[in-house]
**Q** 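To start, I am sharing the structure in question, which I have written as structure tokens.
Quick note: numbers below take in every heavy atom, side chains included, and nothing from hydrogens, waters or symmetry partners.
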Amino acid sequence: MKLTQTQTHGKKMAFISRLIINCFKKTKYLFLSLLFTLIVVINHEVILAASTPSLEIAKSLTQQGFSQLYDGKPEAAFQTWQAAYRAYEQLNNEQGMNGSLINQSLALQALGSYTTACQALTQALSLNNGICPDSLQKQTNFSQLSYLKSTLHQKQINEYFQFIGFYNLANVLRVMGEPEISYVILQQCLTSAVQLQNQKIQDNLLLNLANTEVILYNQAKSKYQLTDDFTAQKKAIILAKSKFVAAQQIYQELSNSQSTVSLQAKLNWLLAWDTPLMVNDLKALLQNKSNLDLLVLSACQTAKGDRRSFLGIAGIAAQAGARGVLASLWLVDADSTAQLMTKFYEGLKSGLTKAEALRSAQLSLLKSDKYFHPYYWSAFILVGG
């Protein structure tokens, strides 16, 4: 039976289809095997990528730690910065690792773990952690102080993270009872800070230095009070006076500037002398201070005389060298005194003499509806010129 051309073509197509199907059956397992291998390779690359953190992840952890610290969660911040340290470590980013250690010290300070904070900072700054006291009571010895001076003299402090690290190390050591070492660190930082041309860093270093000077002043004052040896007393009072003057100059410099720490400097200056000031202390501090133009004693009865001085504390201050002393004769009202002092300083700022500024301030209260009575405005007198 003779096949037509159409039937012959159909048989050929059927034969080709069976070949394709058989070929697919034989190769489908090979195809699936190759597909599975590709999936494994791709997934392996994903796993490797996930196990090696990116710089963005490390930076994100750093910022997260700051957010946690500002939210009052120092423990969480510490753990986050530990994770950031590990991320930077895998990236072999040494500066990121050191920065994470400095950040960890912030959380540790908030937790009161000053010894551990000190150790973290010395690790970040490549210093011998032997400079860290074992506790708040145990202090470092002279050899450790000498080591730090020598190391700081050789070390170049020229990177931002180094300034932050040394700034925090000075804070920690001061709290731990090591103001001498704190002072050395801050002095070296100030010397190097000029290179950064960052006024904010310099102002914060100065504020810290003034705070340290106050502690050194109190230490010297305690030595003066606790010893009966004349030579030791003389040495202590000279040191106390120098530290008092140094702190005063820095606080005043910062208070009169446009610095972001100006207000803090004013508060620290007021809080620094929150202990009673003895008459002998006042005499010692003001002795030979011929450049002290005005001392304002706005508390109650500061010009009330007694057997020691005709004009009380004001008289002692004048005898000790203050050219002008503004003081009160009786128990004064807080609100009216605040207003009078404000007017007095405004007068000085406008160019009036001390006497003219006081008179102007007193007249402003006299003309007011609330403080016109002499009790409010006439208590203050000016001793000296």
**Q** Donor-acceptor check, side chain of Glu89 to backbone of Met97, threshold 3.5 angstrom: yes or no?
**A**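 Pair absent, no side-chain N/O of Glu89 close to backbone of Met97.
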
**Q** Checking one residue: Leu106. Which other hydrophobic residues are in its cluster under the side-chain 4.5 Å linking rule?
**A**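 Its cluster partners, ordered by chain and number, are Phe66, Leu69, Tyr70, Trp81.
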
**Q** When rounded to the nearest 0.5 angstrom, what distance separates NZ in Lys59 from CG in Leu61?
**A**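 Nearest 0.5 Å value for the NZ-CG distance: 13.0 Å.
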
**Q** Please report the interatomic distance CD1(Ile164) to CG(Leu169), rounded to the nearest 0.5 Å.
**A**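 CG of Leu169 is found 13.0 Å from CD1 of Ile164.
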
**Q** Examine distances only and state if a side-chain atom of Ser182 and a backbone atom of Ala170 form a donor-acceptor pair shorter than 3.5 Å.
**A**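 Yes, the answer is positive, given that a donor and an acceptor are paired below the 3.5 Å cut-off.
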
**Q** Supply the atom-to-atom distance Ser364 OG to Arg359 CZ, rounded to the nearest 0.5 angstrom.
**A**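 Here the interatomic distance stands at 11.5 Å.
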
**Q** Report yes if the side chains of Leu209 and Tyr183 come closer than 4.5 Å at any heavy-atom pair, otherwise no.
**A**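 Contact flag for Leu209/Tyr183 side chains = yes.
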
**Q** Within the 4.5 Å heavy-atom criterion, are Ile201 and Tyr167 side-chain neighbours or not?
**A**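 With C-beta onward as the side chain, the pair stays apart.
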
**Q** For Thr231, is there any backbone N or O sitting under 3.5 Å from a side-chain donor or acceptor partner on Asp229?
**A**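 Yes: the side chain of Asp229 pairs with the backbone of Thr231.
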
**Q** Is any side-chain heavy atom of Ile102 less than 4.5 Å from a side-chain heavy atom of Leu121?
**A**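 Counting from C-beta outward, Ile102 and Leu121 do come under 4.5 Å.
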
**Q** Can you tell if the side chain of Asn171 reaches within under 4.5 Å of the side chain of Val175, non-hydrogen atoms only?
**A**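 The answer is no, as the side chains (C-beta and beyond) never meet within the 4.5 Å cut-off.
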
**Q** Flag the pair Tyr376 / Gln339 as yes when at least one side-chain heavy-atom distance between them is below 4.5 Å, and no otherwise.
**A**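 When only atoms from C-beta onward are counted, Gln339 and Tyr376 do not touch, as no gap falls below 4.5 Å.
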
**Q** Measure the shortest side-chain to side-chain distance between Tyr217 and Leu239 over non-hydrogen atoms and say whether it is less than 4.5 angstrom.
**A**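 A side-chain contact under 4.5 Å is absent here.
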
**Q** Within the side chain of Thr212, is there an N or O that forms a donor-acceptor pair under 3.5 Å with the backbone of Asn208?
**A**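 A pair under 3.5 Å: yes.
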
**Q** Is it the case that atom CD in Gln252 sees more than 12 heavy atoms from other parts of the structure closer than 6.0 Å?
**A**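 Correct, the count exceeds 12.
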
**Q** Please answer whether the main-chain N or O of Leu363 pairs with a side-chain N or O of Trp377 as donor and acceptor at a distance below 3.5 Å.
**A**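 Side chain of Trp377 to backbone of Leu363, a donor-acceptor pair under 3.5 Å: no, none is there.
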
**Q** Using the rule that two of Ile, Leu, Val, Met, Phe, Trp, Tyr join whenever any of their side-chain heavy atoms come within less than 4.5 Å, decide whether Leu207 and Ile185 are in one cluster.
**A**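 Looking at the clustering, Ile185 is in the same group as Leu207.
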
**Q** Evaluate the side-chain proximity of Gln199 to Asp203: yes if any heavy-atom separation is below 4.5 Å, no if none is.
**A**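 Yes, side chains in contact.
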
**Q** If only atom types and distance count, is the side chain of Ser368 paired as donor or acceptor with the main-chain N or O of Tyr371 below 3.5 Å?
**A**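 Yes: the side chain of Ser368 pairs with the backbone of Tyr371.
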
**Q** Measure from the side-chain N and O atoms of Ser360 to the backbone N and O of Ala357, and report whether any donor-acceptor pair falls under 3.5 Å.
**A**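 Side chain of Ser360 to backbone of Ala357: no pair is present.
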
**Q** Taking the side chain from Ser222 and the backbone from Asn218, do they hold a donor-acceptor pair closer than 3.5 Å?
**A**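 Present.
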
